[in-house]
2 protein chains.
Amino acid sequence: MVKTKFSIALHIMTLLSIYKDEWLTSAWIAASLNMNPVLVRKEIAILKENGLIDSKEGKNGGVRILKDAKNIKLSDIFNSVKGEDNVLSLLKNTPNPDCIVGKQINQNLKSLLNTIDKAVSDALEKQTLENFKNQF
Amino acid sequence: MVKTKFSIALHIMTLLSIYKDEWLTSAWIAASLNMNPVLVRKEIAILKENGLIDSKEGKNGGVRILKDAKNIKLSDIFNSVKGEDNVLSLLKNTPNPDCIVGKQINQNLKSLLNTIDKAVSDALEKQTLENFKNQF
DNA sequence: TGTACTGTAATAAAAAATATTACATTATAA
DNA sequence: TTATAATGTAATATTTTTTATTACAGTACA
């Protein structure tokens, strides 16, 4: 998981929850984030796949939130952007298979990294987008 | 925080806990990890600063664990390598200060990212290095 | 039918992570 | 007392990942 993806997604979702009846454009959202609109559209594709938002092509198109912010948990956003990756990762390099630890550590680590993801998700499950939004 | 740092550090600590009476060299550890010895030494410097291990220069030098694995929590390792960074990060780009969200989001996000780190640390506090080691 | 959007692919640029080289310093043991 | 084998660390290079840009097809509206 790219370390900044959650921050990007939460920024987008916050904007959409504040302007909940409008179709915001990727260019407008990108200006708030101060980043590239194409990347915003890619992020939007992921949030859309996960049923959190809707988008409309063509003139006067844009992006809109699908649910009430009260019913969106921050864990919903986290798990959407997390995808298959872990928050913390294994090394790319294959550890030495002739070492008792190297031979087996990735298997053991993987399970621990999943536990870490679960801990994050559980913590974020207690918080709603509504609550985050209301800080602004 | 570099995403792989925790995995690297835990691999090192596992080796040291298994060979707890020996001075392991950075070259030997690096061979198990299949990575560069200089990076292992940098990681070792951090674990040493945090009082988890000891190192000895000169011939027959190396690295040794300082405490019994039973008394090392995985959160001790995590918090050592985490340092000042968050597991998930803010963007580098400054969000738009003319936007109600952009103006303030980093402050709000920062607090949330700290909560995430705390959740990870709390989850790892329940696990000991002894326990992880015994899986091998 | 022109305009203003999304969607997405291809490529480029920038940044971050990892590797390498080099060498000063230190401790040991022959 | 000297050769050797280690850590510590700086400087640089390489590789990988992330971010940005360009380009354009497809779509919907007015």
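In the text below, chain A, chain B and the rest are named by the order of the sequence lines, each starting its count at 1.
- Screening residues 75-85 of chain B for salt bridge (charged side-chain N to carboxylate O under 4.0 Å, His left out) gives B:K82-B:D117 as the qualifying pairs, with residues at least two apart or on separate chains.
- Atom NZ in A:K3 sits about 9 Å away from atom P in D:dT18, given to the nearest Å.
- Partners of A:E130 by side chain to side chain contact (heavy atoms under 4.5 Å, CB included), not counting sequence neighbours, listed by chain and number: A:D68, A:A69, A:K70, A:T128, A:K133, A:N134.
- Residue A:K5 is out of contact with every strand shown, counting any heavy-atom pair closer than 4.0 Å.
- Legend: salt bridge (charged side-chain N to carboxylate O under 4.0 Å, His left out) pairs involving residues 37-60 of chain B, not counting sequence neighbours: none detected.
- Atoms CD (B:E22) and C1' (D:dA6) sit 16 Å apart, rounded to a whole Å.
- The nearest whole Å value for the distance from the CG atom in B:L90 to the C1' atom in D:dT18 is 16 Å.
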Can you tabulate the close N/O pairs, meaning under 3.5 Å, that link protein atoms to atoms of nucleotides 12-14 of chain C?
none

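- If you take CH2 of A:W28 and P of C:dC5, they are 13 Å apart, rounded to a whole angstrom.
- The nearest whole Å value for the distance from the CG atom in B:L47 to the C1' atom in D:dT7 is 15 Å.
- Side-chain N/O atoms of B:T4 include one lying less than 4.0 angstrom from OP1 or OP2 on C:dT18.
- Applying the 4.0 Å criterion to OP1 and OP2 of D:dT7, one finds that B:S26 has a side-chain N or O inside that range.
- For the salt bridge (charged side-chain N to carboxylate O under 4.0 Å, His left out) condition, no pair includes a residue of residues 2-23 of chain A, sequence neighbours left out.
- Following rounding to the nearest Å, A:D85 (CG) and D:dT16 (C1') show an atom-to-atom distance of 15 Å.
- No donor-acceptor distance shorter than 3.5 angstrom exists from the side chain of A:N86 to the backbone of A:L88, with no hydrogens or angles considered.
- Side-chain atoms of A:H11 and A:L15, non-hydrogen and from C-beta on, do get closer than 4.5 Å to each other.
- Mapping B:L91 and B:V63 onto DNA chain D via the closest heavy atom, the residue that lands nearer the 5' end is B:V63.
- Formation of a donor-acceptor pair under 3.5 Å by the B:N34 side chain with backbone atoms of B:A30 is not found in this model.
- Taking atom NZ of A:K92 as the reference point, atom C1' of D:dT18 lies 13 Å away to the nearest angstrom.
- Using modelled atom types, one finds no donor on one side chain facing an acceptor on the other under 3.5 Å when comparing A:N96 with B:S32.
- B:S121 contributes no side-chain N or O that, together with a main-chain N or O of B:S75, makes up a donor-acceptor pair within less than 3.5 Å.
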| request: Using a 4.0 Å cut-off on protein heavy atoms (strictly under), produce a 5'-to-3' string for nucleotides 19-29 of chain C with B for base contact, S for backbone-only sugar-phosphate contact, and - for none. | output: SBB---BBBBS
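- A:E49 places its CD atom 11 Å from the P atom of C:dG7, with the value rounded to the nearest Å.
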